[in-house]
Amino acid sequence: MSPLGSVFPRIYALVRRVPRGRVTTYGDVARLAGLRNGARTVGWALHSLPTAEAAPWWRVIRSDGTIALRRAAAQQRRRLAREGVRFTNGKVDLRYGWP
DNA sequence: CGTATGACGAGCC
DNA sequence: AGGCTCGCCATAC
């Protein structure tokens with residue numbers, strides 16, 4: 001439940017706070033948005049982003065450091081790599097985690 | 001208003 | 001370690 005407004009806009013606002021070169025997880029964004037177990041809701045929200053650049057969706061990954069996208073995983077890895085985020089055998093080093 | 005849908009996550013083999 | 005199951009929850013229809 002959201003006191004004011006729907007949840008998606010708040011999720012987008014939170015994702016926009018993730019700095020370049022850092023990553024966060026679906027579960028973390030959900031908790032920051034006030035959802036105790038809303039990781040899937042965050043995934044749904046990012047999946048339905050109005051425009052590709054409305055929020056830095058590529059900085060959101062799974063809790064185990066892997067990429068959640070099925071079709072565009074390579075593109076997400078490329079975007080992250082361009083920001084200096086390193087991968088260790090398919091997983092993002094969680095020391096890039098944010099906060 | 002009930003059912004289905006995910007870019008999840010934790011737990012259990 | 002890697003795969004499966006089940007719970008979760010805002011939306012879509």
Side-chain angles (χ1 to χ4, degrees):
Chain A
M1 278 279 291
S2 51
L4 294 99
S6 56
V7 172
F8 283 14
R10 288 193 296 147
I11 289 176
Y12 299 148
L14 285 166
V15 172
R16 278 193 288 268
R17 282 174 33 195
V18 182
R20 262 183 74 91
R22 309 293 296 281
V23 298
T24 187
T25 70
Y26 295 93
D28 287 341
V29 173
R31 280 187 285 277
L32 289 174
L35 308 173
R36 313 211 324 184
N37 294 87
R40 305 193 69 156
T41 301
V42 174
W44 181 266
L46 294 183
H47 181 42
S48 46
L49 269 174
T51 67
E53 310 290 334
W57 53 266
W58 57 92
R59 296 176 190 151
V60 185
I61 61 178
R62 289 205 184 106
S63 61
D64 65 355
T66 62
I67 299 295
L69 273 79
R70 307 192 187 191
R71 286 191 282 183
Q75 180 191 0
Q76 182 169 9
R77 280 199 302 274
R78 212 178 319 124
R79 284 175 177 272
L80 286 174
R82 195 164 43 137
E83 298 185 350
V85 176
R86 284 193 190 178
F87 285 73
T88 305
N89 58 46
K91 293 186 179 182
V92 173
D93 210 320
L94 288 182
R95 85 181 133 100
Y96 291 95
W98 176 88

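Just so it is clear, the values below take in all heavy atoms, side chains as well, and ignore hydrogens, waters and symmetry mates. Letters go in sequence order (proteins before strands), and every chain restarts at 1.
Nearest-nucleotide mapping onto DNA chain C: of A:R40 and A:W44, the residue sitting toward the 5' end is A:R40.
Remark: P of B:dC8 and CD1 of A:I61 are 12 Å apart, rounded to the nearest angstrom. In this structure, A:D28 atom CG and B:dA7 atom P are separated by 19 Å, rounded to whole Å. Atom CZ in A:R36 sits roughly 17 Å away from atom P in B:dG9 (whole-Å rounding). One interatomic measurement links the two molecules: CH2 of A:W57 to C1' of B:dG6, which rounds to 16 Å at whole-angstrom precision. Spacing between atom CG of A:L49 and atom P of C:dA10 amounts to 18 Å, rounded to whole angstrom units. Between the CD1 atom of A:I11 and the C1' atom of C:dT11 there is a distance of 11 Å, rounded to whole Å. Distance CZ (A:R71) to P (B:dA7): 9 Å, rounded to an integer number of Å. Regarding A:R31, its CZ atom lies at a distance of 7 Å from the P atom of B:dA10, rounded to whole Å.
Closest non-hydrogen pair, A:L49 versus A:A54, comes out as CD2-CB, 4.0 Å. What you find for A:A45 and A:I11 is that their closest heavy atoms are CB-CD1, 3.8 Å.
Of the side-chain N and O atoms in A:S63, one or more sit less than 4.0 angstrom from OP1 or OP2 of B:dA10.
Picking from B:dG9, C:dA10, B:dA7 the nucleotide with the shortest atom distance to the side chain of A:A39 gives B:dG9. Among B:dG9, C:dC8, C:dT11, the nucleotide with an atom closest to any side-chain atom of A:N37 is C:dC8.
A side-chain donor from one of A:W58 and A:E83 sits under 3.5 Å from a side-chain acceptor of the other.
Between A:V29 and the options A:T24, A:V18, A:L35, a side chain to side chain contact (heavy atoms under 4.5 Å, CB included) holds for only A:T24.
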